[in-house]
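Reading through the structure tokens given below for one structure.
Below, each value reflects all heavy atoms present in this structure, side chains not excepted, and no hydrogens, waters or symmetry copies.
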Amino acid sequence: MHSWKDKFTEKIANFFYEPSSSSSSSPSSSDHDQTSLPLKDESYLSSILSFLFPSQESISKEENDYEAGSLKIIKCKNSDTKDENPDLGSGKSTSSSDVFEDAIDLKTPKKHVHDLNLDSVFISSNLSQFFQSCLPNIVKGCKWVLIYSTLKHGISLRTLIRNTFEVHGPCLLITGDNKGVVFGGLINSPLTPTPQRKYQGTVQTFVFTTLYGAPTLFRPTGANRYFYICSNDMLAFGGGGSFALRLDGDLLTGTSGPCDTFGNRCLAHNEEFELKNVELWGFTHSSRFR
């Protein structure tokens, strides 16, 4: 290949630029030859011929370069890479409804409280959020267990006290009057009835009401330690003035008034009222209550 190109280069050069013998001795021909020397340069002609007739070696090199470039392009267009790094400026949307719903399911915390609406007369979604914020940390995330309900277990304070032995730890008493107000308080289980008025409980005890619009919480003020009293014919919260909340032994009537223990106002519409229902909720990790 190289020999053929060399011969062709020589003939082309001689055909276009070789001076005739008749003019070889004239001064003008000498000037012409000097001017034409760069055009007779073989390297210049070789570059032109290399462009017109490329060698096998150069063709192979270009093909290798093209293939290497093609691999890079294919890698850039890889569908997996595009999915992992979507172009924010592209017209394709990556937030389909399925992906959006999955993201919501992953990021939304699972709440047990919504199950309470199946068994509770009083607990709404607003109250469930309220309880999640005010309950002690020791019971947050636990399974809610309906220990007692007058609709399921009958009207009996003794049955309520007896059922508190099924769980240990804080219990939430929820009740309400016939005018739609919901109120109650936190106690410890199991309840221990005492013949004399002996107060029980801890500083975790509180009372609450929905009488004043949003659910209102009353925690101990530190004025005394009259948290709650339990006997066979009464369950009462607070002291120093009136009881914050008192349930009679028949669980049909109750009273409420201001007290020093919680610094609360009346929890119901009236200081004396009829009970709509009484519920007591416990908290446990055990699966036997499911």
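- Atom CD of Q196 is separated from atom OG of S231 by 10.5 Å, given to the nearest 0.5 angstrom.
- Partners of H153 by side chain to side chain contact (heavy atoms under 4.5 Å, CB included), not counting sequence neighbours, listed by chain and number: Y148, S149, T159, N163.
- Each salt bridge (charged side-chain N to carboxylate O under 4.0 Å, His left out) pair with one or both residues in residues 146-161, not counting sequence neighbours, appears once here: D119-K152.
- Closest approach of S256 to A244, counting heavy atoms only: OG-O, 2.7 Å.
- D177 approaches A268 most closely through the heavy-atom pair OD2-CB, 3.6 Å.
- Two residues are said to be in side-chain contact when any heavy atoms from C-beta on lie closer than 4.5 Å; L157 and D233 fail this criterion.
- Here the side chain of S189 pairs no donor or acceptor atom with the backbone of L191 at under 3.5 angstrom.
- Looking at residues two or more places apart in sequence or on another chain, you find a side chain to side chain contact (heavy atoms under 4.5 Å, CB included) between K140 and N137.
- Taking every heavy atom of both residues into account, I161 and P193 meet most closely at CG2-CG, 3.7 Å.
- Judged purely by atom type and a 3.5 angstrom limit, N270 has no side-chain atom pairing as donor or acceptor with the backbone of E272.
- Listed by first then second residue, pairs satisfying ring pair (Phe, Tyr, Trp, His ring centres under 6.0 Å) with a partner in residues 223-276 read F183-F273, Y199-Y226, not counting sequence neighbours.
- Applying the side-chain hydrogen bond (donor to acceptor under 3.5 Å, both in side chains) test to T192 and every residue at least two apart in sequence or in another chain returns nothing.
- The side chain to side chain contact (heavy atoms under 4.5 Å, CB included) check on D260 picks up A223, N224, with sequence neighbours excluded.
- Within the 3.5 Å criterion, the main-chain N or O of S124 finds a donor-acceptor partner in the side chain of S128.
- Judged as a salt bridge (charged side-chain N to carboxylate O under 4.0 Å, His left out), the pairs with a partner in residues 237-249 (not counting sequence neighbours) are, in order, R246-D248.
- For the atom pair Q200 CD and I187 CD1, the distance stands at 9.0 Å (nearest 0.5 Å).
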Using atom types as modelled, flag every donor-acceptor pair under 3.5 Å from a side chain in residues 207-220 to any protein atom, sequence neighbours excluded.
from: T209; atom 1: OG1; to: L211; atom 2: N; distance (Å): 3.1
from: T209; atom 1: OG1; to: L267; atom 2: O; distance (Å): 2.6
from: T210; atom 1: OG1; to: V182; atom 2: N; distance (Å): 2.9
from: T210; atom 1: OG1; to: V182; atom 2: O; distance (Å): 3.3
from: Y212; atom 1: OH; to: C266; atom 2: O; distance (Å): 2.7
from: T216; atom 1: OG1; to: A214; atom 2: O; distance (Å): 3.2
from: R219; atom 1: NH2; to: C134; atom 2: O; distance (Å): 2.9

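- Residue L160 holds its CG atom at 8.0 Å from SG of C230, rounded to the nearest 0.5 Å.
- The side-chain hydrogen bond (donor to acceptor under 3.5 Å, both in side chains) search around E271 returns none, not counting sequence neighbours.
- One distance of note links CD of Q204 with CG of L135; it measures 10.0 Å at 0.5 Å rounding.
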- request: Take L247 and M234 through the side-chain contact (heavy atoms from CB on, under 4.5 Å) test and state the conclusion after the steps.
  value: CA-CA 6 Å; L247 306 184; M234 179 186 66; over 6 Å; no

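- Partners of P258 under the side chain to side chain contact (heavy atoms under 4.5 Å, CB included) rule, at least two apart in sequence or in another chain, do not exist in this structure.
- Here the closest non-hydrogen pair linking L186 and T205 is O-CG2, 2.9 Å.
- With a 6.0 Å radius and a threshold of 12 heavy atoms from other residues, nucleotides or ligands, I138 has its CD1 atom at or below the threshold.
- Residues E166 and T284 have side chains not in contact (no heavy-atom distance under 4.5 Å, counting atoms from C-beta outward).
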Stepwise side-chain contact (heavy atoms from CB on, under 4.5 Å) test for L235 and I229: CA-CA 6 Å; L235 176 62; I229 297 175; over 6 Å; no

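- Every residue two or more places apart in sequence or in another chain was checked for a side-chain hydrogen bond (donor to acceptor under 3.5 Å, both in side chains) with D250, and none qualifies.
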message: Set out, in order, the CA-CA distance, both residues' side-chain angles and the distance that settles side-chain hydrogen bond (donor to acceptor under 3.5 Å, both in side chains) for T175 and E279, then state yes or no.
response: CA-CA 6 Å; T175 185; E279 297 176 356; over 6 Å; no

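- Across all their heavy atoms, V278 and L173 have their closest contact at CG1-CD1, 3.7 Å.
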message: Evaluate N264 against C259 for side-chain contact (heavy atoms from CB on, under 4.5 Å), listing each step before the verdict.
response: CA-CA 6 Å; N264 63 284; C259 77; 3.0 Å; yes

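- Paired with W281 under the rule side-chain contact (heavy atoms from CB on, under 4.5 Å), one option of I147, V167, I123 passes, and it is I123.
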field: Chi angles and distances behind the side-chain contact (heavy atoms from CB on, under 4.5 Å) call for T164, L280
entry: CA-CA 9 Å; T164 61; L280 187 64; 3.4 Å; yes

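- In this structure, N126 has no side-chain hydrogen bond (donor to acceptor under 3.5 Å, both in side chains) partners at least two apart in sequence or on a different chain.
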